[in-house]
Amino acid sequence: MRFCKNLFAILAILSLIGLFGNHQAMAKDTLKIGSFLAVTGPASFLGDPELKTLQMYIEEINANGGVDGHKIEFVHYDTKGKAKEAKNFVNRLIKKDKVDVIIGGTTSGNSLAVIDIVQKAEVPFISLAGSIKIVEPVKKWVFKTPHTDKMAAEKIFTDMKKRGIKKVALITGNGGFDKSGRAQCLALAPEYGIEIVADEKYDNADTDMTTQLTKIRATDAQAIVNFGFGKAPAIVAKNIKQLGIKLPVYESHGVASKKFIELAGDAANGIRLPAAALIVADQLPADDPQKKVLLSYKKKFEEKYGPVSTFGGHAYDALFITVDAVKRAGTIDRAKIRDEIEKTKGFVGTGGIFNMSPTDHLGLSLDAFKMIEIENGNWKLLY
Amino acid sequence: MKRLSGFVLFSAICLILPLLFPDNYYVTVVGLTIFINIILAVSLNLLMGYAGQISLGHAAFFGLGAYSSAILTIKYGLNPWIAMLTGAAFVAGLSYVLSRPILKLKGHYLAMATLGLGIIVHIFFVQADELTGGPDGISGLPSLSIMGMAIDSDLKWYWVLCSCMLLSVLFSLNIADSRAGRALSAVHGSEIAAQMMGIDTAMVKSHIFVFSALMASFAGSLFAHQQDFVSPESFSFFFSIELVTMVVLGGLGSTFGAVIGAFILSILPEVLIVFEDFEVLIFGAILMVIMIFLPEGLFVALKNKVAAFVAKRQEEGVDGPS
Amino acid sequence: MDQLLQFLISGLTVGSIYALVALGFSIIYNASDVVNFAQGEFVMIGAMSAIFLIKAGVSYPVAAILAILITAAVGLALDKFAIEPAKNATVVSTIIITIGASIFLRGAALLIWGKEIYGLPPFTTNDPIKIGSATILPQNLWVMLGTGVTVFAVKYFFDHTKMGKAILACSFNKKAAYLVGINVRRMLLVSYGLSAALGAAAGLLVTPITFMSYNAGVMLGLKGFCAAILGGMGNSMGAVLGGILLGIVETVGAGFISSGYKDAIAFFVIMLVLFFKPSGILGKGETERV
Amino acid sequence: MALLEVKDLEKRFGGLKAISGLSFSVEKGIIFSIIGPNGAGKTTLFNLLTNIYAPSSGAIFFKGKEITKLPPFKIARLGISRTFQNLQVFLNMSVIENVMVGCHLRSKSGLLASALRLPSVIKEEKMVRQMAYEALEFCGLPQYASRPAGGLPYGILKKLEVARSLASRPELLLMDEPAAGLNDTETAELCQLIKRICDSGVTVLLVEHNMSLVMEISQKVLVLNYGKLLAEGSPEEIQKNPEVIAAYLGEG
């Protein structure tokens, strides 16, 4: 008898909760944001801060009542950086979880792999990966927030032109980011009157790159450019120092995290790289429009998780571009959200000021990249 | 028909599932991955389980099939079926040339050589950008069509891949129960004795190597068209290891062992997703626990247990199912 | 030609890292015919433990010793809880258990230490030393020294100590070893402990050069496996020779042919060697008795 | 013409001469035994005859054709089969399957036909099974046909190896110590089996330690000592040969 009573009580409570829940849901549909990120695996240092950023801000948005009353429901999967998993998970997001918007695809490979699926399923997708191929040519449902590898190459070559450098040695890893950066460098060099005199490669798991650098040393290169991320660029920097090579060294935005400086130690000093303004937020002039956004993101992230990186910033940008689009659309209809994302104008994000259009699904100009030099183990904003 | 009763039951399950759950994520999305993995595991089992020749490079042939289809259809505009056959012919030729020197090796040295083969092919996929698209791979493969009907939905793919998978399982079962299969088992059991029975062991090994590579190549082509995308990491050394794990996990030398092993290793990550950061840990733990307690593999262990149970019941004079 | 000198020195540097890992493979193989695919994880656990002990304020030498002990304990646990209970398993099944173990250990490391990459300071000051036109870092010399000392210690252990010989006996014939009174179980336990400790030492030596993260053990393990096979599985001198050869083939291949295909060249050379010498450079061919 | 002819055969392992200057010939239709103390080179001789070891010099002829350099499977195709001192039964198969492997040479369906299970394959399967069953019956093992070979007693496995070899219909059967490890009843059965094999027209070349067995069934006996021919002749001649007696006594 007693058991029955208890059971009745539990059922009653459950049904109350159920009613309450239903009531809430009836008020406004939830906005389902799906995400597939390389949280583990070789690109985890990109995916991990991205996930943390999304989780942190979605929690905050929901605590403040959601987007126009739409609570956000967040579903995310870890692709481990594998394109096949990315495809499976995007299918899962669309078919099983039935999400309204997808943010993710940490690496270019992951993002490129799913483009056909989102195009077919007609789900707005904001990629967090670098390759320019993601948005060029423009695909109706695909957007992205990070600066492209093409912009990085352009920024580096612009700086070289200023310093009068004409002969450049390339050294790149075998990942998608590295290879795509290399391809952009090779393609853009003639435009800037630059000759690529060496094109060396390494495996991202390699322990030593002195061989490739010895070959570079024997050329008449005036500067070295390394596209890569993870530990490899730090080994490259150390090996350059070991071999006593005194040439100017350029890294890509792939190393724009304090980890690189920590690993490379004093070998990092003097290295220049293009990067988002986030890592030098406090050095920006007070009237810089981005400064407020950057400092606020930085403060929030660091209070919760530790040192900030620009990669998490891309997720911030993608999330708030979506949020703004939903607010403007006033509905969670996929097609309307997509239209509004495309109309994003003057959005001040961590990566720069976004002005999207039907022909530009990124919306950043070259100014969004800052040229930075590492000085005494710290970032120094050059321009 | 007793010989194929297991196969008939298995086919029935595979064919009924999509009728019951036509739009289920696990059936029509995960199912496709499982089918491809089953074909691969079954083909590897022919080489490893039947003939006793370990291969840590099976993903290479899978990849070569996939890339052949991708490159030939996209860059040279070939009809997908012709591309698939061309790729298979290429894989057959390559595996035949390699089979003799490689299969002279035994045990760990054979493992090393096949591993090397797998890694070399993978490096080629990554580095030969102009041809293979580098790490980003090649996307936008045309869809297959059968007699004018395009295979463009998950459900259609389910039927295609399911039939191919069943065909490969049937092939494998047939081989096990034939002159060729016995020759393979003989090579596995004792190469010298096999030779004395007049079996050209080098040829037998080479033939099954080529056959197994061919199956993997076809699986690769199907995979490429189904995903309409190829990229190198699907064909890495890790995937080769995963395939070996499937075969051993299910039970070396048993076709249905390979099927079960492939099923478990494909479904496990999907199920373990909910554990997030714990996924890797749990996956490793499950693998260890199965192998520790059922070292002969899940399916084989289960089969032996059932057989022992039946034998015991019959001994006790109770009528067992016969 | 003065590039060649640097290539060879770089090859030697990389090769001694591979050699150290290969030695660990040899020990367990010697005791049980099993290729332990978790060997790379031993390297990682050794390095990561040391890194975090130092972060926690433990002094470098103490952290190093503790890290080796921790890793040895992991090795013992692997044998005790995963290899020993599966006593009826075939060699292939046991290898799959070690693959499972490597995944498990990686998963555990991910949970404990996270995904970040870490470094260790070099043992001594790290100004490059000039040798002609080439340079080498003192830490590289430490690695070579470590490899040299370890290989002779391992060789001495197997050739001249009772326990070493007993372990070898287990690999030749478990039953016979048991019948002459060797505690086969304990020998296996010892070899796993030893191999893990060796892996940890390798981790400590290489981290200042190449950094460490929870998944860095995989590639090191793979290259170590290749080196061990190339030299002849189970032969400690072979392991070192294989390691150094692999390193030099990689760097010379990268230097003179193509750095993009460097690993492919190395694997191609390994395969060629095996075609002509099917049991590795110093390995003994097996003869079947019929 | 002799069925098997061995001329000046020599095998060195490093500096050690396992077989030296050995010549002999085996007539068709007889039981020919090779005896000798442990380490005399008997098994080595078998391994040379089947080219599992390559001879250092010398030549071997079968039915007048030189087989010295042929790979073992080609030797088997010419009509030589053998059993092994250390059993080489395929433990991963059932008894009948083991014997069916023996029928390999008498059937021909290939891998592709097998995979597709063409009608010809089904027909051949039936035939092969029948042949294998006959070989099992010949050796007195039909009741074990469907048992896995793995769990069977030693004596049965020894007979199984014989059945497997016979299934290939050899003209010459090399038997390496078939009686080793068998009890008296099993040995007696084996004795009968070997006689029946010879009666069916198969020449038997036997390496054996059991003297009474050898003396009972052989038509001809060859004695090896330290890899050299010590004596050759009928069982009676051998039993009286003083050198042979000395060699055996010397061994203890």
Exercise for the section: Output the distance between atom CZ (C:Phe104) and atom CZ (B:Phe283), rounded to the nearest 0.5 Å. Expected result: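 Answer for the CZ-CZ pair, C:Phe104 versus B:Phe283, is 13.5 Å.
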Problem - Separation between NZ of C:Lys277 and CG of B:Leu105, rounded to the nearest 0.5 Å - result: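 That separation rounds to 12.0 Å.
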Side chain, backbone, both or neither: which part of [X] has an atom under 4.5 Å from a heavy atom of chain C?
X        : answer
B:Leu117 : both
B:Phe293 : neither
B:Ala193 : neither

Chain B interface, residue from [options] that has the most non-hydrogen pairs under 4.5 Å:
options                               : value
C:Leu222, C:Thr98, C:Ile95, C:Val91   : C:Leu222
C:Ala228, C:Ser93, C:Ala266, C:Cys226 : C:Ser93
C:Ser102, C:Gly107, C:Ser258, C:Pro85 : C:Gly107

Exercise for the section: Could you check if a side-chain atom of C:Ile99 sits within less than 4.5 angstrom of a side-chain atom of B:Ile241, using non-hydrogen atoms only? Expected result: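 Yes, close enough: below the 4.5 Å cut-off.
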Practice task
Taking the side chain as every heavy atom from C-beta outward, state whether B:Met288 and C:Ile103 have any pair of such atoms under 4.5 Å apart.
Solution key: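 No, every pair of side-chain atoms sits at 4.5 Å or beyond.
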Exercise for the section: Measure from the side-chain N and O atoms of B:Gln127 to the backbone N and O of C:Gly260, and report whether any donor-acceptor pair falls under 3.5 Å. Expected result: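 Checked: pair present.
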Exercise for the section: For B:Tyr109 and C:Met233, indicate whether the former's side chain and the latter's backbone hold a donor-acceptor pair under 3.5 Å. Expected result: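 Yes, the answer is positive, given that a donor and an acceptor are paired below the 3.5 Å cut-off.
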Does any heavy atom of chain B fall under 4.5 Å from the side chain of [X], the backbone, both, or neither of them?
X        : result
C:Ile97  : both
C:Leu110 : side chain
C:Leu274 : both

Looking at [options], which one has more heavy-atom pairs under 4.5 Å with chain C than the rest?
options                      : value
B:Ile120, B:Ile54, B:Leu287  : B:Ile120
B:Ile286, B:Val248, B:Leu281 : B:Leu281
B:Leu110, B:Leu115, B:Leu252 : B:Leu115

Practice task
May I ask you to check whether C:Tyr29 and B:His108 place their ring centres under 6.0 Å from each other?
Solution key: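 They qualify: ring centres under 6.0 Å apart.
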